[in-house]
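The structure follows.
Residue numbering restarts at 1 for every chain, and letters A, B, ... go by the order of the sequence lines.
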Amino acid sequence: EAQVTQNPRYLITVTGKKLTVTCSQNMNHEYMSWYRQDPGLGLRQIYYSMNVEVTDKGDVPEGYKVSRKEKRNFPLILESPSPNQTSLYFCASSLFQGAGTDTQYFGPGTRLTVL
Amino acid sequence: AQSVTQLDSQVPVFEEAPVELRCNYSSSVSVYLFWYVQYPNQGLQLLLKYLSGSTLVKGINGFEAEFNKSQTSFHLRKPSVHISDTAEYFCAVKAGGTSYGKLTFGQGTILTVHP
């Protein structure tokens, strides 16, 4: 089954403790992206990747890192999480470099709480 | 840069009633428009998209949307809703050309269908 998977689905952590949220897709998609969803703000893009070893900042990249060493994986790294990073995170992927005719597929989400 | 405004944060309706969820956008270039649905505790699923051509777009689950360029709107409609349509709905816009897939989302509209 074609899908985007994220792990963990739920995570509670403390300020300053490094964490990684994994994202994997099995559709051989070139484009991958991370979003955060906050009430009243919709989804905002954190980082995106157009292919292996090609990443760039989205609208809200501060406090996050990403890497794209393999085409299928796009982990999101929080080196020193803070409470304002408490949010619902979504990974998404699409086949081409985000052309308008291309559909983005979303993972199930990771709910992160930073105490 | 583009932006999206969803005019209603919450829309309560009774089952079998019609519904319209409103979306306005702004952009200095041509755009592609999308509606996504998020059921409770799930990721986002594409409902429909407007890329070009006919301004009336039909999607899944009986939803449709109309692109109005002069009013920069892309309202979502369904003639008769079901309890199962209860979800949060997001309007999104992507600039035409080499935008590398960046989707700009609205704030979301929570549709609650009452029996």
Of the non-hydrogen atoms in B/Y36 and A/Q104, which two are nearest, and what is the gap between them?
OH-O, 3.4 Å

Establish whether B/Y25 and B/F63 are linked, either directly or via other cluster members, by ILVMFWY side-chain heavy-atom contacts under 4.5 Å.
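Looking at the clustering, B/F63 is in the same group as B/Y25.
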
Are more than 12 heavy atoms from other residues, nucleotides or ligands located less than 6.0 Å from atom CZ of A/R111?
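Counting other residues, nucleotides and ligands, CZ of A/R111 stays at 12 neighbours or fewer.
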
Using heavy-atom distances under 4.5 Å, tell me whether B/L44 contacts chain A through its side chain, its backbone, both, or neither.
both

Between A/L41 and chain B, which part of the residue has a heavy atom less than 4.5 Å away: side chain, backbone, both or neither?
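Backbone of A/L41 only, per the 4.5 Å heavy-atom cut-off to chain B.
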
Tell me, do A/Q45 and B/L103 make a side-chain contact under 4.5 Å, heavy atoms counted?
no

Value rounded to 0.5 Å, distance of OG1 in B/T104 from CG in A/D59
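CG of A/D59 is found 6.5 Å from OG1 of B/T104.
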
Over all heavy atoms of both residues, which pair between A/Q37 and B/F90 is shortest? Give the atoms and the distance, please.
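Scanning both residues, the minimum pair turns out to be NE2-CZ, 3.1 Å.
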
Check whether B/Q6 gets within reach of chain A through its side chain, its backbone, both or neither, counting any heavy atom under 4.5 Å.
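Neither part, no heavy atoms under 4.5 Å.
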
Is it true that, when you exclude A/Q3 itself, more than 12 heavy atoms of the residues, nucleotides or ligands shown sit nearer than 6.0 Å to its CD?
yes

Does A/N84 CG have over 12 foreign heavy atoms under 6.0 Å away?
yes

Report all side-chain donor-acceptor pairs from residues 8-23 of chain A shorter than 3.5 Å, counting only partners two or more places apart or in another chain.
unit_1	atom_1	unit_2	atom_2	d
A/R9	NE	A/G109	O	2.9
A/T15	OG1	A/L115	O	2.7
A/T22	OG1	A/N7	O	3.2

Tell me whether B/L76 is reachable from B/V113 by hopping between hydrophobic residues (I, L, V, M, F, W, Y) whose side-chain heavy atoms are closer than 4.5 Å.
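Same hydrophobic cluster.
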
Taking the side chain as everything from C-beta on, heavy atoms only, tell me whether B/Q38 gets closer than 4.5 Å to A/L88.
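A side-chain contact exists here, since the closest heavy-atom pair is under 4.5 Å.
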
